[in-house]
Protein chains: 2
Amino acid sequence: MPEQPVRARLVDVAERAGVSKATVSKVLNGRQDLSVRPETRRRVHEAAEALGYRPHSGARALAGASTHALALLVPALNNPTYVTIARGAYQRARELGYLSLLAEDFDGQEADESFNDLVQEGRVDGLLIASARPSHPLLDALSRSPVPHVFLNRSVEGSGRNVTMDVARSSVTALDHLHSLGHRAVGHIAGPPGITPSEVRKEAFLRHAEELGLSAAPVASGDFTEDGGVACALELLRPADGGTRPPVTALYTSSLAQAIGAMAAVRHLGLRIPEDVSVVGNDDLPVVAHLSPPLTTVAMPLYELGAAAVEALVAAIQGAPLGDVVVPTEPCLMLRRSTARPGERP
Amino acid sequence: MPEQPVRARLVDVAERAGVSKATVSKVLNGRQDLSVRPETRRRVHEAAEALGYRPHSGARALAGASTHALALLVPALNNPTYVTIARGAYQRARELGYLSLLAEDFDGQEADESFNDLVQEGRVDGLLIASARPSHPLLDALSRSPVPHVFLNRSVEGSGRNVTMDVARSSVTALDHLHSLGHRAVGHIAGPPGITPSEVRKEAFLRHAEELGLSAAPVASGDFTEDGGVACALELLRPADGGTRPPVTALYTSSLAQAIGAMAAVRHLGLRIPEDVSVVGNDDLPVVAHLSPPLTTVAMPLYELGAAAVEALVAAIQGAPLGDVVVPTEPCLMLRRSTARPGERP
DNA sequence: CCGTCTAGGGAAACCGGTTGACTGAAACTT
DNA sequence: AAGTTTCAGTCAACCGGTTTCCCTAGACGG
């Protein structure tokens, strides 16, 4: 009855299989620089299975091999966008034999801490960085002690290791939808300056607005939060001097939270959605279907983004050359009731 | 110019300080079983500082010491409740010299995976488990190979290691508020059966409803999601046979998402909030202030919960006896516009 | 029949910390 | 003055893997 539920070690497996530590290690890691009889190989696998053997990650890391762990740095977890990305990353990592850890990097505040805890202490083999922004302290740390990494969602120009989505396309999709409904004056609520997807979305919005010949396409920038959305919406909806009606009939926002804030602002001004103002957001999550009215959004391939970033990073760790990647899945318009022809019920 | 930004090791620090590895290790770990001159101590710290020394977590773990990492297992990260808990845990862990990792355990689906990856591979010293539920596979794994752990939010009866909030109090607070507004028939939207906070909230609701002498206090159970809220609200608001008005004038929900779903259901039925139905949710997050109408909620001390759980776990790891803990911070009513006297504008 | 080659696998040196046993010198006792 | 403490730190054996180099036996070639 003196149970000993101690972890099985490599030597235990070796002993049970009747071979040496070295052989077990090589077999389990699938190295082909060693020839073993199929029968031995089978015995080793059987013994490992029977003992529930799991290599000690620390020992492994120490011995010069990798930790088989990655870390995903996101700017804010209360933004569900990043949760979806994290899920995609976790899943794909698992399929590739890696563990994906999640760390919140409050817009650079904690970057150094995380970097130290995770990279310097040798807990991970590489970083998936979704929290990049210009002059982010992390960029410094990375150049001082290089570690494999990719940037996802928010890219770093010229790094040659960006994994992104077709963000420009999301603006085109949203604008085409609004234009086809008859909107000719559309406002865009962008994110903070310097953040890539925000910038790209804005540029694409302005470019396509011109292509469509819109009469007005004003832009306001603010935080990716509800409050940011409120402030920008109020700015964009303020009637021109002497006027009484808002200068735009539709709003297109960079984030979901901004869309929620914008809707609140529209109501606050005594305007109706979508009769007076149509609203289109980005990212599709369960909550948007239960807003009042349900929000039309552009769904982005967030899960795929996380997965693609992991693939790129793991390839890099294994020595493959790195390059920018764009997730092929196209943004997809999710039609709900927050958009309609100007002045009309949905 | 051949920079070598290689990590500084213990021996490097030792060499620079002119002492042995052992001394450095003991000094840096603040062991008092060793006497060192203050001057030596200073030299060691200086050298470590100068070299930016960070102990290799793997080596440390291997040498029998701890990894100085914990893992927090949450059932769903898109529930912002758990994000707040995670932040509290991360921060307090950091203050105690630990790193708190975050893992999503989709209601037991991934528990074994996480357990293997994190515990069996020796990446963490202990677990903070927020995803417990009856017959959760994790409970098995824990009894097979014991590892320090606490349960938070969702408790496990009789485990003697539960860290919780005064959830019963949140029901009392919500009911008192509604009662003082004149509501005498209140419905409760509970979470799935078997989940502790959900059960406790329900019991407290029923008990206090009786104490207040409410004329009706029906309960419906559903998922913690928006859709769960919709279904429960429709059930609770269905007029009695032959009747035409809903049997309750207010709804109190177990989760925030349920409240959002409930609000959507109320609107769907053509009823107004709060004139026809008042709604109170649990947990206070930025988004609730931007709903239509802004939602009255009971704010729970989630951040404190995360912090308290870490404190308890770290104490346990360091050998202290473990016991159930209740976070002392009281739930707090956040008054907004989703509640009013029955039939009245706010 | 002897030498060489190759398949199959083992021995041991690491990796970077931690820890308990141990030592040399100084200070204190008696 | 010799023995005993205390002080201040050192030595070396681990921890559990990985990896390089080496060994051995049989096959094969000549």
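Chain naming here is simple, since letters A, B, ... match the order of the sequence lines and numbering starts at 1 in each. Remember, it's a predicted structure, so these values are computed and weren't measured experimentally.
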Is the phosphate of D/dG9 approached by B/Arg31 (side-chain N or O, under 4.0 Å from OP1 or OP2)? no
For the helix from C/dC1-D/dG30 to C/dT30-D/dA1, what is the angle between the axes at its two ends, each from 5 pairs, rounded to 10°? 60°
Please tell me if the side chains of [X] and [Y] come closer than 4.5 Å, counting only heavy atoms from C-beta onward.
X: B/Val310; Y: B/Leu128; value: yes
X: A/Val163; Y: A/Glu311; value: no
X: A/Arg154; Y: A/Asn162; value: no
X: B/Leu102; Y: B/Tyr90; value: no
X: B/Leu142; Y: B/Phe115; value: yes
X: B/Met165; Y: B/Asn153; value: yes
X: B/Ile317; Y: B/Tyr98; value: yes

Mind listing the N/O atom pairs, protein and nucleotides 23-26 of chain C, below 3.5 Å?
none

Quick one: pull up [atom1] in [X] and [atom2] in [Y] and give me the separation to the nearest 0.5 Å.
X: B/Glu157; Y: B/Ser155; atom1: CD; atom2: OG; answer: 7.0 Å
X: B/Leu152; Y: B/Leu313; atom1: CG; atom2: CG; answer: 10.0 Å
X: A/Arg7; Y: B/Gln120; atom1: CZ; atom2: CD; answer: 7.0 Å
X: A/Ser100; Y: A/Leu72; atom1: OG; atom2: CG; answer: 5.5 Å

Nearest listed nucleotide, side chain of B/Leu10, among D/dG17, C/dT19, C/dG17: C/dG17
Option passing side-chain contact (heavy atoms from CB on, under 4.5 Å) with A/Tyr303 (candidates A/Thr84, A/Val327, A/Thr329): A/Thr84
Identified side-chain contact (heavy atoms from CB on, under 4.5 Å) partner of B/Thr81 from the options B/Leu77, B/Val83, B/Asn79: B/Asn79
Going by heavy atoms closer than 4.0 Å, what residues in residues 118-127 of chain A are next to DNA chain C? none
Below 4.0 angstrom, which residues in residues 49-63 of chain A have at least one non-hydrogen atom near DNA chain C? A/Leu62, A/Ala63
Please write out the pairs of protein N or O atoms and N or O atoms of nucleotides 5-9 of chain C separated by less than 3.5 Å, giving the distance to one decimal.
from: C/dG9; atom 1: OP1; to: A/Arg37; atom 2: NH2; distance (Å): 2.7
from: C/dG9; atom 1: OP1; to: A/Thr40; atom 2: OG1; distance (Å): 2.7
from: C/dG9; atom 1: OP2; to: A/Arg37; atom 2: N; distance (Å): 3.0
from: C/dG9; atom 1: OP2; to: A/Thr40; atom 2: OG1; distance (Å): 3.4

Whole-Å distance, A/Leu28 CG to D/dG16 P, equals 16 Å
Between P on D/dG16 and CD on A/Glu15, what's the gap in Å once rounded to a whole number? 14 Å
Using heavy-atom distances to pick each residue's nearest nucleotide on DNA chain D, tell me which of A/Arg9 and B/Val24 is more 5'. B/Val24
Any N/O pairs under 3.5 Å between the protein and nucleotides 4-6 of chain D? List them or say none.
none

Less than 3.5 Å between a donor and an acceptor, one on the side chain of A/Lys21 and one on the base of D/dG17, is that the case here? yes
Do other residues, nucleotides or ligands put more than 12 heavy atoms under 6.0 Å from A/Glu49 CD? no
Mind listing the closest non-hydrogen atom pair of [X] and [Y] along with its distance?
X: B/Leu322; Y: B/Ala312; answer: CD1-O, 3.7 Å
X: A/Pro75; Y: A/Glu104; answer: O-CG, 4.2 Å
X: B/Ala111; Y: B/Asp105; answer: N-OD1, 3.3 Å

Kindly indicate, with the supporting measurements, whether the criterion salt bridge (Lys or Arg N to Asp or Glu O under 4.0 Å) is fulfilled by B/Arg43 and B/Glu46. CA-CA 5 Å; B/Arg43 280 213 320 280; B/Glu46 251 175 40; over 6 Å; no
